[in-house]
Amino acid sequence: MASQEKISVHNLADLKNTSDDAIPNYLNSLKFKQDHKLVDTRLSLGYGAFAIAAACFLWDYKLGFEPTKYYTAAAVALYALLNGALTYWIGFVEKGVVYQGTAPDGSTISIATSTKKNVPIYNVKITVTPKKGSPQTIELAKSFTEWFDVQGRFIARPFQTILASNVPLIATADPKRVQPATPAADYLSADASVLDAIAASETTSTGAEAASGKKSKRRKA
């Protein structure tokens with residue numbers, strides 16, 4: 001089903017943000033339990049810096065600069081510290097993570113997304129950690145045109161199908177969204193007689209094409 005909200009298909013930030021917002025909506029609907037620690041920490045740092053700036057302005061407005069200059073200096077230092085911590089948190093801790101949560105079976109999942117400048121490709125890095133076992137990482141690179149129409153409407157079904165078809169943990173929770181891969185010839189596990197038949201068929205076909213080529217040359221001569 002397509003969303004009624006339209007965005008500009010030429011605005012890469014809007015395409016990414018809309019896709020990012022769709023991930024928690026989808027996974028939470030599958031009974032995944034989202035972990036908000038990363039977002040809560042970022043908001044705490046941001047609001048803390050804002051509160052310090054607001055307090056500094058207020059006491060400077062009420063009392064004047066001279067009586068509060070030492071408090072102002074301390075506030076500026078603390079504001080710079082919190083801003084530095086926020087920058088570090090976003091760049092080196094979050095690292096583009098848009099979702100962290102726990103699946104119904106107890107496995108944890110972390111999803112980070114990114115884009116490159118002027119390249120309409122959605123890069124997704126999914127890390128799944130089973131209750132018992134080592135983490136597994138899945139990386140996807142998909143064009144936004146796979147789930148946005150030409151008018152800029154987000155279409156949820158193909159987006160969800162991509163996630164379910166490529167991430168086994170999501171496939172388990174939403175099997176109806178899994179799209180089977182197109183079957184390919186499995187020559188490695190084929191029976192010897194099957195391989196002989198294929199080889200004979202190809203040899204016959206090649207011989208027939210060669211004979212046809214010789215006959216056509218004779219006609220020309």
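- In summary, of the residues considered (I121, V119, T115, N17), a side chain to side chain contact (heavy atoms under 4.5 Å, CB included) with L12 occurs for T115 alone.
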Start with the C-alpha gap between N166 and I126, add the side-chain angles, then the distance that decides, and say whether side chain to side chain contact (heavy atoms under 4.5 Å, CB included) holds. CA-CA 10 Å; N166 290 278; I126 304 118; over 6 Å; no
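- Here salt bridge (charged side-chain N to carboxylate O under 4.0 Å, His left out) pairs that include residues 102-114, with residues two or more places apart or in two chains, number zero.
- Taking hydrophobic clusters as Ile, Leu, Val, Met, Phe, Trp and Tyr residues chained together by side-chain heavy-atom distances below 4.5 Å, V97 does not share a cluster with V124.
- Every pair tested for ring-ring contact (aromatic ring centres under 6.0 Å, His included) that includes a residue from residues 9-42 fails, sequence neighbours excluded, so the list is empty.
- For T68, there are no side chain to side chain donor-acceptor pair (under 3.5 Å) partners at least two apart in sequence or on another chain.
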Tell me, with the steps shown, if L27 and I111 meet side chain to side chain contact (heavy atoms under 4.5 Å, CB included). CA-CA 11 Å; L27 296 184; I111 301 177; 3.7 Å; yes
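- S29 is linked by a side chain to side chain donor-acceptor pair (under 3.5 Å) to nothing, counting only residues two or more places apart in sequence or in another chain.
- Taking all atoms of both residues into account, the shortest heavy-atom contact from F154 to A22 is CZ-CB, 3.5 Å.
- Note: I162 CD1 to K142 NZ = 5.5 Å, rounded to the nearest 0.5 Å.
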What verdict does the side chain to side chain contact (heavy atoms under 4.5 Å, CB included) test give for I23 and F159, after you've listed the backbone C-alpha separation in whole Å, the side-chain angles of each residue and the deciding distance to 0.1 Å? CA-CA 9 Å; I23 292 175; F159 183 76; 3.7 Å; yes
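- The CG atom of L30 sits 9.0 Å away from the CZ atom of R177 when rounded to the nearest 0.5 Å.
- To the nearest 0.5 angstrom, L78 atom CG is 4.5 Å from L82 atom CG.
- The hydrophobic cluster containing W59 does not contain F57, counting ILVMFWY residues as joined when their side-chain heavy atoms lie under 4.5 angstrom apart, directly or transitively.
- Every pair passing salt bridge (charged side-chain N to carboxylate O under 4.0 Å, His left out) that includes a residue from residues 63-84 is listed here, sequence neighbours excluded: E66-K69.
- The structure places CG of L169 at 10.0 Å from OG1 of T102, a figure rounded to the nearest 0.5 Å.
- Within the 4.5 Å cutoff, side-chain heavy atoms of Q179 are placed close to those of S165.
- Between G133 and T129 the shortest heavy-atom distance is O-CG2, 4.5 Å.
- Across all non-hydrogen atoms, the minimal contact from S143 to T145 is OG-OG1, 2.7 Å.
- For K176, the salt bridge (charged side-chain N to carboxylate O under 4.0 Å, His left out) test picks out D174, with sequence neighbours left out.
- Smallest separation of non-hydrogen atoms from P130 and S134: CD-O, 3.4 Å.
- When all heavy atoms of N123 and A141 are compared, the pair lying nearest together is OD1-CB, 3.6 Å.
- Across all non-hydrogen atoms, the minimal contact from A164 to I170 is CA-CG2, 3.9 Å.
- Applying the ring-ring contact (aromatic ring centres under 6.0 Å, His included) rule to pairs touching residues 80-136 yields Y88-F92, Y122-F144, Y122-W147, sequence neighbours excluded.
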Using residues 39-50 as the side-chain source, report each donor-acceptor pair under 3.5 Å to any protein atom, sequence neighbours left out, with the distance given to one decimal.
residue : atom : partner : partner atom : Å
T41     : OG1  : K37     : O            : 2.9
R42     : NE   : E94     : OE1          : 3.3
R42     : NE   : E94     : OE2          : 2.8
S44     : OG   : D40     : O            : 2.8

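- Residue pairs meeting the salt bridge (charged side-chain N to carboxylate O under 4.0 Å, His left out) criterion with at least one member in residues 12-33, sequence neighbours excluded, are K16-D20.
- Scanning for side chain to side chain donor-acceptor pair (under 3.5 Å) contacts around S114 gives an empty result, with sequence neighbours left out.
- Rounding to the nearest 0.5 Å gives a distance of 9.0 Å between CD of Q34 and CD of Q100.
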Side chain to side chain contact (heavy atoms under 4.5 Å, CB included) assessment of V9 paired with V150: CA-CA 7 Å; V9 294; V150 293; over 6 Å; no
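- E139 pairs by the salt bridge (charged side-chain N to carboxylate O under 4.0 Å, His left out) definition with nothing, not counting sequence neighbours.
- Rounding to the nearest 0.5 Å gives a distance of 6.5 Å between OG1 of T18 and CD of E5.
- Applying the side chain to side chain donor-acceptor pair (under 3.5 Å) rule to K117 yields no partners; only residues at least two apart in sequence or on another chain are considered.
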